[in-house]
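All chains are named by letter (A, B, ...) in the order of the sequence lines, taking the proteins before the strands, and each is independently numbered beginning at 1. Source: prediction; values computed, not measured.
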Amino acid sequence: MLTVDRREFLTAAAMAAATAAVAGKAKAVSLPVMGQGGLKWEKAPCRFCGTGCHVMVGTEAGKVVAIQGDQKAEVNRGLLCVKGYHVGLAMYGPDRLTTPMLRKNGRLEPITWDEAIDVIARRIMANPRTFAMYGSGQWTIPEGVAANKFMKGGLSNNYLDGNPRLCMASAVTGFLSTFGVDEPPGVYDDLDVCDVAIMWGNNMAEMHPVIFSRLIDRRSRGEKVMVIDLGTRRTRTTDHADEYLQFNPQSDLAIANGIAHLLLKNGTYDKRYVEKFCNFRQLDPEKPDVMQGKPMTFAEYESALAEYTPERVEQISGVPAAKIRMLGDLFGRRDLRINSLWCMGMNQHTRGTAINCLVHGIHLLSGHLGKPGDAATSLTGQPSACGTVREVGTLCHLLPGGRLIANEEHRKQAEGFWNLPEGRINPKPGYHTVLLFEKFCTPTDKGSDVQTLWVQVTNPGHSLPNLPKLFRGKKDLQDKFLIVSDVYPTATTELADLVLPSAMWVEKNGMYGNSERRTQQWFKMVDPPGQARDDCWQTIAVARRLFDLGFEGMKDKDGKFLFTFTNAKGDEVPVWDWNRYYDINVDEALFESYRPFTRMKHKDLAPYSEYVKARGLRWPVVEQPDGSWRETRWRFSEFDDPYVKKGAEMQFYHSVTKDDKALIWFRPYEAPPEVPDAEYPFWLCTGRVLEHWHTGSMTRRIPQLKRAMPESYVELNREDAVRLGVRSGDLVTITSRRAAVNLPAWIGGRGDPPKGSAFVPFFDEAMLINLVTLDAHDPFSKQPDYKKCAVSITKTV
Amino acid sequence: MTLHTRESARARWLGACWAIGVAGTAIAALAISGQESKTPPVVEGMAMPVSIHHPPARVKGPTQRTLTEPAPNVVPEAKANPAAVPDKYHARFESAQARAKLRAYEGAPPVVPHATEGLSVHACRECHGHGLRAGDKVARMASHTYLANCTQCHVEDQGLTQIGVAPTPVENLFKGLATSGYGSTRAWVGAPPVIPHTTFMRTNCVSCHGEYGYDGWRPDHLSRTNCVQCHTPGAHFEQMSPVFGDEASTAP
Amino acid sequence: MGISGLVITLTQRDEAAGAALAKLRGDPRLTLGERNGPRQAAVGVTPSVEQDEHLVADLRATEGVVDVEIVFVGLDETTEHHTSPRATGTGGVGC
C-alpha cells in the first residue's frame with residue numbers, strides 16, 4: 001500500500017524535477033524531497049518518561065514515519081534520547097492488540113466491543129462495591145479525569161489507585177510534609193544556572209538523559225558545573241561526575257543528617273532564611289503513624305542531629321568523613337547555587353518520605369531553595385505521573401486538585417464541581433496499590449472485597465514487587481475477574497479474563513503533565529489499528545452502559561448522565577458511540593470540567609486552547625490583565641510566583657503550620673527491613689536502563705532499542721564474580737526469601753556495583769526480577785522498596 | 001537466551017578491550033570499527049587466569065580529561081580535493097544505503113556498529129571528534145556540536161554480545177521516512193542543491209560531505225567552507241521555517 | 001524500484017531528433033514529459049540501481065541524444081542494489 005503510494009509520489013516528483021529542469025527556470029522552484037508527499041509534522045510530548053520532551057511527529061499516509069526533537073520545546077530544545085527518537089516505532093509492533101478478547105474455557109477468544117462493554121457493566125451492576133480500577137501516570141489527564149469521576153463520583157467507590165504509588169508516592173509525601181502541597185517548587189531552568197548538581201541515588205545519564213545533557217553540556221560551552229553523584233553503584237552518571245560518593249543502601253538518611261549537623265555546628269546555615277521561612281518538625285513518638293508529626297524547637301532539632309558527626313556518618317554510610325564535610329561546606333556557602341535531583345533511589349525506599357523530607361530540609365536550612373539554581377527537584381518516571389495521578393488525584397485517598405477523600409469539605413467541593421447529589425462520594429479511602437493487589441489475590445471467602453479489577457495503561461503483572469504474592473496469586477481464583485486495557489500482550493494480559501485493545505499516544509488526543517509542573521497537549525494524528533479504541537472512550541462507554549441499565553450513580557443530581565457533552569450548537573453528542581467519539585473534542589470538554597478543581601491549591605491551569613499553542617505551560621498559569629496567560633517557574637518565590645505577597649520574598653502559602661513557613665524535618669537514620677545475612681549475603685538493587693522504558697512492553701518492540709539491549713542481566717562486582725567462579729555471560733541464580741530467577745552475569749558492564757551487591761534491570765518479562773524483590777513499603781507513601789533486599793547469588797548449574 | 005555464540009563473542013570482546021588497553025587510540029579505532037575486524041590472539045578454551053576472563057577494569061567515574069577538555073567542533077581545512085570517479089551516482093546510492101541501514105528513518109540518530117560498553121565517555125571523541133580512517137573503516141566526525149552524553153542517542157546495534165547474547169531479529173511494521181533523493185531540490189540543472197535534510201544538529205557539513213564523509217557526497221569544492229552561502233536548508237524539514245508542518249505547502 | 005528524473009538533450013538535427021524521440025517513446029522504462037526546445041523531461045523506472053545505470057548508458061548511446069542529466073533520484077523499498085568494487089575508496093565528486 002505504502003510502497004505503491006510512494007512510487008507514485010516519487011514518479012510525480014521525478015517528473016516535476018525533470019520538467020522544471022527542462023523549463024530552465026532561473027527562479028527557485030521548491031521541488032519536493034522524498035517523503036514530502038503529504039508528509040505532515042505536528043507536536044506531541046514524548047510517550048515515555050516524565051521529562052516531558054516534545055517531539056515533532058512526521059506522518060504520511062496515515063502512519064508515523066519520522067520523529068524530530070522539537071526545537072521550540074523549552075524542555076529539550078530539539079534534543080531527544082534514543083527512546084524519544086524511536087518513539088514512533090512503539091505503535092508498530094507486529095502483535096498490537098486489535099480486538100477485544102474474553103477468556104472462555106481458559107482461552108482468550110475475540111468478542112465484539114459491545115459484548116465487552118456489557119461484560120464489564122454487568123459485573124459492576126452485580127457488585128459495584130467490589131469493583132476496582134488501577135491506572136497509571138501514562139493515563140492522559142482527561143483519561144484520569146474520566147476514571148476518577150466514574151469511580152468516585154459515579155460508583156461511590158474509592159478502589160482506584162495507580163502505579164505512581166510504586167514510583168512517586170514518597171516524593172508526594174515529602175512535598176506535602178515540607179510545603180503542605182505537592183510538586184516541586186523549582187523547574188528545569190535550575191539546571192541551566194546551578195553551580196552544583198547533586199544526584200541522590202539517581203542515574204540521570206540513563207533515566208533522564210535529555211535534561212542531564214542540559215546540565216552537563218554547559219561544560220562544553222565553557223561553563224563550570226560540579227556534579228556530585230551519591231550512589232550505591234557506579235553508573236554512566238558517575239562518568240560525568242566530579243565526585244562519586246558511594247554509600248551503603250539506606251544510609252542516604254545519615255548523609256543528609258550529617259550535612260544538617262555540619263550546617264549547625266559550623267554556623268553556616270542560613271539563619272535569616274530559617275527564622276523567616278521555616279519551622280521544625282519531627283514524628284510524634286506517641287503517634288508514629290501520623291505523617292504530620294509534631295513541632296520541635298530549634299534546640300531540640302540541634303540536639304537530635306548531634307550524633308550525626310561526619311565520623312558517625314562515615315560509619316553508617318561508608319562515605320569518608322572528609323567528603324561529608326565537603327558536602328556540608330558546599331551547602332554552607334551562600335555564593336553557590338545547589339540543585340538536588342532524585343528519582344527512584346529516594347522514592348522506592350522504606351523511609352522514602354523521610355529522605356525526601358531531609359533533602360528538602362538541608363536546602364531550607366541552608367537557604368538553597370527558591371532562587372534560580374537553588375532547588376530540590378524530584379524527577380518522575382512516567383509522562384503524566386504529575387499531571388494525571390498527582391494533580392487529577394487518581395489515587396485511593398485523593399480527589400482532584402489536591403483534595404482528600406477523608407476531608408468532608410473537599411468531598412462537598414468535588415460533588416459541587418461534578419454536580420452530584422450531596423454524599424455521593426464515599427468518605428472512606430480505598431486501598432493503596434500493594435493492599436489493593438493483596439486483596440485482589442485473596443479469595444473472597446478469606447475476607448477480600450475486591451473481585452473485579454480493571455487495569456488501564458500499565459503492566460502490574462510485571463511491575464509490582466513480590467509478584468508471587470501480589471499478582472500471580474490471582475491465577476487460580478475463580479471468583480476474580482481481571483480486565484486489562486492495553487496495546488500489547490503483557491505479563492498482565494497473561495492472567496486477564498477480558499482484554500481490551502487500546503489506542504496509544506498520537507492515535508488519540510491527549511494531555512500530559514511532566515516533572516516540572518508543565519501541562520502538555522497533543523492531537524490525534526493517526527488511526528489506531530484494528531478495533532483499538534481510546535481508554536477514555538472505554539471508561540465512558542461502560543459508564544453509559546451502566547446508565548442505560550439504570551445504575552443511579554451514573555446520573556448527576558439533575559438526572560443527567562455523568563459524561564454529557566454538547567457540541568458547539570448545544571446539541572448532546574453521544575460520545576459513548578465510538579463512531580461519534582471524535583465528533584467533539586472530549587479531551588477539551590473533560591479538561592475544562594477539571595480546571596475549576598485546580599484553583600484551591602494554586603495549581604491553576606489555563607484554558608485548553610492555550611496548551612494547543614504552547615509546548616506546555618507550567619502551573620500556576622495565571623491570566624494577565626491583557627488576557628494572556630503567564631506560567632510560573634519558581635513557585636513560592638516573590639520574584640516569579642504571582643501568589644506570593646509583595647515584600648514576602650518567600651511565601652510557602654500552603655504551609656502545614658498555616659504561617660507561610662516550610663517545615664524542616666528531623667528523621668533519624670533507621671536500618672532497612674531486610675539486610676544481607678549469612679544465607680542471603682548480597683544486596684540486590686533493581687532499576688532501569690537507557691533503552692527500555694519501564695516494563696519494556698513498548699521499547700522491546702522497537703528494533704533499535706531491543707537490539708541494543710536485548711535482555712536483562714545481573715551486574716556483579718568483579719571480586720564477587722571471581723570468588724563465585726562466575727564469568728561474564730555465565731548464568732547465575734538470584735534467590736531471595738520470595739523466589740529465584742536466573743540471569744546472565746555482566747562484570748564490568750554498564751554499571752559497577754560495589755562488592756557484596758548486585759544490580760538487575762527490571763524491564764525483561766522473561767526474567768522477572770520482581771519475583772525476587774521485597775514488598776516492604778514506606779509507612780506514609782505506601783511505596784515499596786525495590787532498591788534493596790537480601791539475595792544469594794550462585795552459578796547456575 | 002542463546003548460549004552457543006557466547007565464547008566467540010567473548011573472545012571478540014576481550015579482543016576489543018585488549019586492543020584498547022594495550023595499544024591505545026589507534027588500535028582502538030581498528031578494534032571498534034567493526035565486529036568482524038581484528039580479533040586478538042585469544043584461543044578458545046585456552047587456560048587463562050580467572051581474572052582475565054573479565055574485561056579489564058576501568059573504574060567508571062570522573063576523569064580530568066572529560067571535565068576539562070574543550071569540545072572538538074572544528075571544521076578542518078579539507079586535506080584533499082577528491083578525485084573524480086566515473087560512477088558518482090552509484091556511489092551516492094551506495095552511500096545512501098549504507099547510511100540508511102543504521103537508521104530507523106531519515107533523521108534518526110544512527111546506531112553504533114561496534115561495541116561501546118566498557119569504553120569511557122571520551123572514547124567516542126577519540127575517533128568521532130575529528131574523524132578517522134583505518135583501512136576501509138571510517139569513523140565519521142560528529143555532525144553536531146559536542147554533546148557529552150553520546151550514548152544517550154547512539155546505542156549499540158548489537159548490544160550484550162559481550163556477554164554472549166546473540167542478536168535476534170525484532171519485527172516492527174514501522175516504515176520510516178526514506179532518505180532524500182539526490183538532486184531533488186535543485187531549482188535547475190547546475191543550481192546549487194537545497195539541503196535535503198534538517199540542519200538541526202547537522203551543522204557540521206564535513207561530517208558527511210568532508211574528508212571522512214560519504215563517497216559520492218563530497219563536493220569538488222571542499223575548500224569552500226561557508227556551505228550555507230549557496231546551499232540553503234530545505235524549508236520542509238526545518239522546524240524554524242514558517243512553512244514547516246504546513247501540509248499544503250509540502251504537497252508535490 | 002529506482003526512479004529517476006531525467007533531462008534528455010536531443011540533437012538540433014530534426015531528423016535524428018525525431019528518430020531518437022520515437023525510440024524513447026518506445027522504451028518501456030521511460031515516461032516522457034514536457035519538452036522545451038531540445039530538452040526533453042522524462043522519468044525512468046527500473047527495478048534496480050544497476051539497471052538505472054544501464055538505462056542512462058543506453059540513452060547516452062542512443063543516436064540523436066546529446067546529453068542525459070539526472071536531476072532526481074528516488075528509491076523505494078523494493079529497489080535492489082548491487083555492490084560494486086568501484087564504490088569504495090576515497091573517490092567521489094558531488095554536486
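For chain B, the nearby parts of Lys72(A) are the backbone and the side chain; heavy atoms of each come within less than 4.5 Å. If you measure heavy-atom distances from Leu690(A) to chain B, the contacts under 4.5 Å come from the side chain alone. Of the two parts of Leu79(A), the backbone and the side chain both hold a non-hydrogen atom closer than 4.5 Å to a non-hydrogen atom of chain B. For Val227(A), no part lies near chain B; criterion is any non-hydrogen pair under 4.5 Å. Neither the backbone nor the side chain of Ala766(A) comes within contact range of chain B; no heavy atoms are under 4.5 Å apart. Only the backbone of Arg700(A) comes within less than 4.5 Å of a heavy atom of chain B; no side-chain atom from C-beta onward does. Using a 4.5 Å cut-off between heavy atoms, Gln704(A) touches chain B through backbone and side chain atoms alike. Neither the backbone nor the side chain of Asp229(A) comes within less than 4.5 Å of any heavy atom in chain B.
Using a 4.0 Å cut-off between a side-chain N of Lys or Arg and a carboxylate O of Asp or Glu, Arg723(A) and Asp720(A) qualify as a salt bridge. Between Glu691(A) and Arg707(A) no salt bridge is recorded (no basic side-chain N to carboxylate O distance below 4.0 Å). The pair Arg77(A)-Asp217(A) does not meet the salt-bridge criterion, since no charged nitrogen lies less than 4.0 angstrom from a carboxylate oxygen.
Counting heavy-atom pairs closer than 4.5 Å to chain B, the top residue among Lys706(A), Met709(A), Arg750(A), Lys83(A) is Arg750(A). When Gly69(A), Gly222(A), Ala90(A), Gly84(A) are compared by the number of non-hydrogen pairs under 4.5 Å with chain B, Gly69(A) comes out ahead.
Side-chain polar atoms of Glu117(B) and Gln162(B) form no donor-acceptor pair below 3.5 angstrom.
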*Walk me through it: do Asp764(A) and Ser712(A) pass the test side-chain hydrogen bond (donor to acceptor under 3.5 Å, both in side chains)?*
CA-CA 6 Å; Asp764(A) 194 337; Ser712(A) 192; 5.1 Å; no

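With hydrogens and angles disregarded, a donor-acceptor distance shorter than 3.5 Å links the side chain of Thr198(B) to the backbone of Phe200(B).
Within the structure, ring pair (Phe, Tyr, Trp, His ring centres under 6.0 Å) pairs that include any residue of residues 53-73 of chain A do not occur (at least two apart or interchain).
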